[in-house]
Colleague: 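Here it is, the structure, as structure tokens.
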Amino acid sequence: MIENQQQTIKAWFDKTYLTRGEMYLRPKEAYYIFAELLQVKPNTKVLDVACGLGRMLEVGLDYNAECYGVDISSVAVEKAKQKLPKAEILEANAEALPFNDKVFDFVTCLGSLERMLDKDKVLQDIKRVTADDARICFMVRNSNSWRWVFTKKLFFAVNKKGHQDAKNYQQWKTLFEQQHLEIINCIPDQWPIMRIFQILTFGKFNGYKNKQNSFTPLQYANEFIFILKKN
Ligand SMILES: C[S@@+](CC[C@H](N)C(=O)[O-])C[C@H]1O[C@@H](n2cnc3c(N)ncnc32)[C@H](O)[C@@H]1O
């Protein structure tokens, strides 16, 4: 049953990456903020869990970090490998990461944890592969956002095949804390406000590395960006 569900999710992402490719994801500049919030340093090891086409890895390489990625979609992994020969990218389920213990200084998992079936297992394995002083960044969907409530829930537009899901702030906090992950910081997703600045400045906006003041209070943000450490 679970295996079938996992196959459906993989098949949906394979098809999406084949048909929509790069158009499915945010542009590269939207990913600098994650490296900045984590304070990624040169010659450190960065793992992006559910790396998709490798946007975050591209940014990690710009910071001269050693970059590793995994994703369950074989299509995404093939495309990412071709684009980023300097990164090590593997096809794997985030519930069983193919790495030794305590290897990574930084881990990102962006727009993906809500898609995963056994989130506790994913968190446990991310903890296993991270160094004791590692920093971890999750971007996860908020079930109290207007977008989720009014467009997805009300109009039954939640994508079941791609296992679209969401939780509110307290539910995410509980999930992390139950796995002994301590919250250092949590801010609203930065891309919506950056897009507005991009449009208002006719593309001249270049503050992608800085946190912007969002108009939306945290509790209504589309997505949360959590920065965590092991405790
Ligand atoms: C919305 S995309 C985000 C991709 C990437 N993090 C980004 O921001 O560009 C979600 C990704 O999660 C991956 N995924 C879903 N479940 C997974 C799992 N159990 N293990 C690894 N990857 C998974 C999908 O294949 C897809 O690439």
Colleague: Using ring-ring contact (aromatic ring centres under 6.0 Å, His included), reason through Tyr208 and Phe205 one step at a time and then give a plain yes or no.
Modeller: CA-CA 8 Å; Tyr208 299 107; Phe205 173 73; 5.0 Å; yes
Colleague: Report the distance from atom CD of Gln39 to atom CD1 of Ile227, rounding to the nearest 0.5 Å.
Modeller: 9.5 Å
Colleague: How long is the gap from CZ on Arg141 to NZ on Lys167, to the nearest 0.5 Å?
Modeller: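 With rounding to 0.5 Å, CZ (Arg141) is 13.5 Å from NZ (Lys167).
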Colleague: Any chance you could lay out the ring-ring contact (aromatic ring centres under 6.0 Å, His included) test for Phe106 and Tyr68, step after step, and finish with the verdict?
Modeller: CA-CA 10 Å; Phe106 301 100; Tyr68 298 75; over 10 Å; no
Colleague: So which heavy atom on Val59 is nearest to which on Ala35, and how close?
Modeller: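 So the two residues come closest at CG1-CB, 4.0 Å.
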Colleague: Where do Glu29 and Gln198 land on the side chain to side chain donor-acceptor pair (under 3.5 Å) test, with the steps shown first?
Modeller: CA-CA 11 Å; Glu29 58 264 30; Gln198 233 186 15; 3.3 Å; yes
Colleague: Looking at every heavy atom in both Val107 and Leu38, which two are closest together, and how far apart are they?
Modeller: O-CD1, 4.3 Å
Colleague: What is the distance from atom CG of Leu18 to atom OH of Tyr24, rounded to the nearest 0.5 Å?
Modeller: 13.5 Å
Colleague: Is Asp132 salt-bridged to Lys102, cutoff N-O under 4.0 Å?
Modeller: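 Judged by the 4.0 Å cut-off on N to carboxylate O distance, Asp132 and Lys102 do form a salt bridge.
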Colleague: Going through the checks in order, is the side chain to side chain contact (heavy atoms under 4.5 Å, CB included) test met by Leu113 and Lys119?
Modeller: CA-CA 7 Å; Leu113 185 62; Lys119 296 175 185 51; 4.2 Å; yes
Colleague: Are any of the side-chain heavy atoms of Tyr169 and Cys186 separated by less than 4.5 Å?
Modeller: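 Yes, close enough: below the 4.5 Å cut-off.
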Colleague: So with a 6.0 Å cut-off around CG of Asn100, is the heavy-atom count from everything else above 12?
Modeller: no
Colleague: Spell out, yes or no, whether Leu218 and Ile183 are grouped together once hydrophobic residues are joined by side-chain heavy atoms under 4.5 Å, including indirect joins.
Modeller: yes
Colleague: Indicate yes or no: at least one non-hydrogen side-chain atom of Asp189 is less than 4.5 angstrom from one of Phe224.
Modeller: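 No; the side chains remain at least 4.5 Å from each other.
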Colleague: I need the minimum non-hydrogen distance between Phe104 and Val46, along with the two atoms involved.
Modeller: CD2-C, 4.0 Å
Colleague: What residue among Leu47, Asp101, Val49 forms side-chain contact (heavy atoms from CB on, under 4.5 Å) with Val129?
Modeller: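 When Leu47, Asp101, Val49 are each tested with Val129, the side-chain contact (heavy atoms from CB on, under 4.5 Å) holds only for Leu47.
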Colleague: Quick one: CG on Asn206 to NZ on Lys204, what's the gap to the nearest 0.5 Å?
Modeller: 11.0 Å
Colleague: Name all pairs fulfilling the side-chain hydrogen bond (donor to acceptor under 3.5 Å, both in side chains) condition that reach into residues 211-231, sequence neighbours left out, sorted by first residue then second.
Modeller: Arg26-Glu223
Colleague: Can you see which heavy atom on Val40 is nearest to which on Ala65, and at what distance?
Modeller: CG1-CB, 4.0 Å
Colleague: Side chains of Lys10 and Ser74: donor-acceptor distance under 3.5 Å anywhere?
Modeller: yes
Colleague: Please determine, by modelled atom types, if Ser73 and Asp14 share a side-chain donor-acceptor pair under 3.5 angstrom.
Modeller: yes
Colleague: Measuring only between side-chain heavy atoms, which start at C-beta, is Cys109 closer than 4.5 Å to Met116?
Modeller: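 Side chain of Cys109 against side chain of Met116, heavy atoms only: contact under 4.5 Å found.
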Colleague: To the nearest 0.5 Å, what is the distance between NZ (Lys173) and CD (Glu177)?
Modeller: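 Answer for the NZ-CD pair, Lys173 versus Glu177, is 4.0 Å.
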Colleague: Can a donor-acceptor pair be found between the side chains of Glu36 and Asn210 at a distance below 3.5 Å?
Modeller: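 The criterion, which ignores hydrogens and geometry beyond distance, is not satisfied for Asn210 and Glu36.
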Colleague: Within the 4.5 Å heavy-atom criterion, are Leu37 and Ile187 side-chain neighbours or not?
Modeller: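 Side chain of Leu37 against side chain of Ile187, heavy atoms only: contact under 4.5 Å found.
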Colleague: What's the verdict on side chain to side chain contact (heavy atoms under 4.5 Å, CB included) for Asp71 and Asp48, showing C-alpha distance, side-chain angles and the deciding distance?
Modeller: CA-CA 9 Å; Asp71 200 284; Asp48 189 28; over 6 Å; no
Colleague: Are any of the side-chain heavy atoms of Val70 and Pro98 separated by less than 4.5 Å?
Modeller: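 They are in side-chain contact.
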Colleague: With Lys81, which residues qualify under salt bridge (Lys or Arg N to Asp or Glu O under 4.0 Å), at least two apart?
Modeller: none
Colleague: Mind checking whether Trp148 and Asn142 have side chains closer than 4.5 Å, heavy atoms only?
Modeller: no
Colleague: For a 4.5 angstrom cut-off between non-hydrogen side-chain atoms, does Leu228 reach Arg135?
Modeller: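 Not touching, per the 4.5 Å side-chain cut-off.
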Colleague: Between Ile193 and Gln190, which heavy-atom pair has the shortest distance, and what is it?
Modeller: CG2-O, 3.1 Å
Colleague: Salt bridge (Lys or Arg N to Asp or Glu O under 4.0 Å) with Arg195: which residues, sequence neighbours excluded?
Modeller: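 Arg195 satisfies salt bridge (Lys or Arg N to Asp or Glu O under 4.0 Å) with no other residue.
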Colleague: Do the ring planes of Tyr32 and Tyr63 sit parallel (below 30°), tilted (30 to 60°) or perpendicular (above 60°)?
Modeller: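 Answer is tilted, since the angle falls between 30° and 60°.
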Colleague: Using the rule given for side chain to side chain donor-acceptor pair (under 3.5 Å), can you reason through Glu66 versus Asn43, listing the C-alpha separation, both sets of side-chain angles and the distance that settles it, and then say yes or no?
Modeller: CA-CA 6 Å; Glu66 239 179 82; Asn43 305 317; over 6 Å; no
Colleague: Salt bridge (charged side-chain N to carboxylate O under 4.0 Å, His left out), that's the test. Do Glu58 and Lys83 meet it? Break it down for me.
Modeller: CA-CA 9 Å; Glu58 241 182 297; Lys83 198 172 66 180; 3.5 Å; yes
Colleague: Specify the closest pair of heavy atoms between Leu84 and Gly54, including all atoms of both residues, with the distance to one decimal.
Modeller: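 Nearest pair, atom of Leu84 first, then Gly54: CD1-O, 3.4 Å.
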Colleague: Show, in sequence, the C-alpha distance, side-chain angles and deciding distance for Lys45 and Asp105, and conclude whether the salt bridge (charged side-chain N to carboxylate O under 4.0 Å, His left out) test is met.
Modeller: CA-CA 5 Å; Lys45 284 196 167 73; Asp105 305 294; over 6 Å; no
Colleague: I'd like to know whether CG of Asp62 has more than 12 heavy-atom contacts from other residues, nucleotides or ligands below 6.0 angstrom.
Modeller: yes
Colleague: With a 6.0 Å cut-off (strictly less than), is the heavy-atom count around CD1 of Ile2, excluding the residue itself, greater than 12?
Modeller: no
Colleague: Is a side-chain N or O of Glu182 found less than 3.5 angstrom from the main chain of His180, in a donor-acceptor match?
Modeller: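 Not at all, since once roles are kept as given, no pair shorter than 3.5 Å links the two residues.
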Colleague: Indicate yes or no: at least one non-hydrogen side-chain atom of Gln171 is less than 4.5 angstrom from one of Thr174.
Modeller: no
Colleague: Are Phe176 and Phe138 an aromatic pair by the rule of ring centers under 6.0 Å?
Modeller: yes
